[in-house]
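Heads up: the structure comes next, in structure tokens.
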Amino acid sequence: MARLLIRGFEVWKSHLDSKAQAALIDALRPILKAAPLFNPSTASGKKMSVRMTSAGSCGWISDTSGYRYEPDHPAGRPWPAIPESILSIWRDTSGLDRLPDSCLINYYGEDTKMGLHQDKDEADFSWPVVSVSLGDDALFRMGNPTRGGKTESLWLSSGDVVVMGGEARLSYHGIDRIRFKSSRLLPKGGRINLTLRVVT
DNA sequence: GAGTTACG
DNA sequence: CACG
């Protein structure tokens, strides 16, 4: 549907219809079984409210040792492969031949928030980051490449895709609020965000 | 350091 | 009292 450009963030509203969204949830089920969600902490030892896991050749990890990409789930097994249905969202929205190495899977519950941050643990910032929203609505905040200054917020809903490339690739962004049970995609409520990245 | 809160 |  509509494509908005806000501070360099490319927002594809309603990119995925409800059938495609349901198919993605089905594709995620075996991944979450093989690589269960875990509750990370920041480098300073504070618990994050989001729960996460990954698919792909590497996954983003945060613990008291710091932020990095690892080839294995904390339990020791390699991350599951990224399903074709997810790779095809990357192709459609990025238009690139190169595929992402990593798909971070974040689960947001009723009170989960994600503070303003940059995605900067990747080797080459010329590749965009693609973010897929599934489930409950989320208030997304978009800032600037440096801390401070004005920000703009936008409600993201299930099926929306955000592409962070170019001037927005290193821009601060975060999630301020979840409208719990605003969507019926996940019967128990909550939001799943998929973040696709070229890491290496 | 992807956290939390105060404050205008 | 919601927002930045």
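These numbers come from the heavy atoms of this one structure, side chains and all, not from hydrogens, waters or symmetry mates. Note on naming: letters A, B, ... go to the chains in the order of the sequence lines (proteins, then strands), and numbering restarts at 1 for each one.
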For residues 26-38 of chain A, dump all side-chain donor-acceptor pairs below 3.5 Å to protein atoms at least two apart in sequence or in another chain.
{"unit_1": "A:Asp26", "atom_1": "OD1", "unit_2": "A:Arg29", "atom_2": "NH2", "d": "2.7"}

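A:Asp101 meets the side-chain hydrogen bond (donor to acceptor under 3.5 Å, both in side chains) test with A:Arg98, A:Thr200; sequence neighbours excluded. Under the rule for a ring pair (Phe, Tyr, Trp, His ring centres under 6.0 Å), A:Phe125 has no partner lying at least two apart in sequence or in another chain. With sequence neighbours left out, the ring pair (Phe, Tyr, Trp, His ring centres under 6.0 Å) criterion links A:Trp127 to no other residue.
Counting only residues at least two apart or on different chains, the ring pair (Phe, Tyr, Trp, His ring centres under 6.0 Å) pairs with a member in residues 134-183 of chain A are A:Phe9-A:Phe140, A:His117-A:His173. Residue pairs satisfying the ring pair (Phe, Tyr, Trp, His ring centres under 6.0 Å) criterion with at least one member in residues 74-101 of chain A, sequence neighbours excluded, are listed as follows: A:His73-A:Trp79.
Of the residues in residues 119-131 of chain A, those lying under 4.0 Å from DNA chain B by heavy-atom distance are A:Asp119, A:Asp121. Residues from residues 65-80 of chain A that place a heavy atom under 4.0 Å from any atom of DNA chain B, listed by number: A:Gly66, A:Tyr67.
Partner of A:Val132 under the side-chain contact (heavy atoms from CB on, under 4.5 Å) criterion, out of A:Leu194, A:Thr195, A:Thr93: A:Leu194 alone.
Between A:Leu87 and A:Pro100, some side-chain heavy-atom pair lies under the 4.5 Å cut-off. Contact check for A:Asp111 versus A:Ser49: no side-chain heavy atoms found under the 4.5 Å cut-off. You'll find the side chain of A:Glu110 stays beyond 4.5 Å of the side chain of A:Ile178, heavy atoms only. Looking only at side-chain heavy atoms (C-beta outward), A:Ser133 and A:Ser158 stay at 4.5 Å or farther from each other.
Linking Ile, Leu, Val, Met, Phe, Trp and Tyr residues whenever their side-chain heavy atoms come within less than 4.5 Å leaves A:Val161 and A:Leu4 in two separate clusters. Transitive grouping of hydrophobic side chains (ILVMFWY, heavy atoms separated by less than 4.5 Å) brings A:Tyr69 and A:Met48 into a common cluster.
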Heteroatom pairs (N/O) under 3.5 angstrom, protein to nucleotides 6-8 of chain B:
none

Contacts under 3.5 Å, N or O only, protein and nucleotides 3-5 of chain B:
{"unit_1": "B:dG3", "atom_1": "OP2", "unit_2": "A:Gly115", "atom_2": "N", "d": "2.6"}

Atom pairs, protein N/O to nucleotides 2-4 of chain C N/O, distance under 3.5 Å:
{"unit_1": "C:dC3", "atom_1": "OP2", "unit_2": "A:Arg177", "atom_2": "NH2", "d": "2.6"}

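Here the side chain of A:Thr64 pairs no donor or acceptor atom with the backbone of A:Gly45 at under 3.5 angstrom. At distances below 3.5 Å, at least one donor-acceptor pair connects side-chain atoms of A:Arg169 with backbone N or O atoms of A:Asp119. Panel note: side chain A:Asp136, backbone A:Ser183; a donor-acceptor pair is recorded below 3.5 Å.
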Review point. For DNA chain B, what is the dot-bracket line, given that a base pair needs Watson-Crick (N1 to N3, plus N6-O4 or O6-N4) or G-U wobble (N1-O2 and O6-N3) geometry with both distances under 3.5 Å, and | means paired with another strand?
Key: ......||
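Atom CZ of A:Arg91 has more than 12 heavy atoms from other residues, nucleotides or ligands within 6.0 Å.
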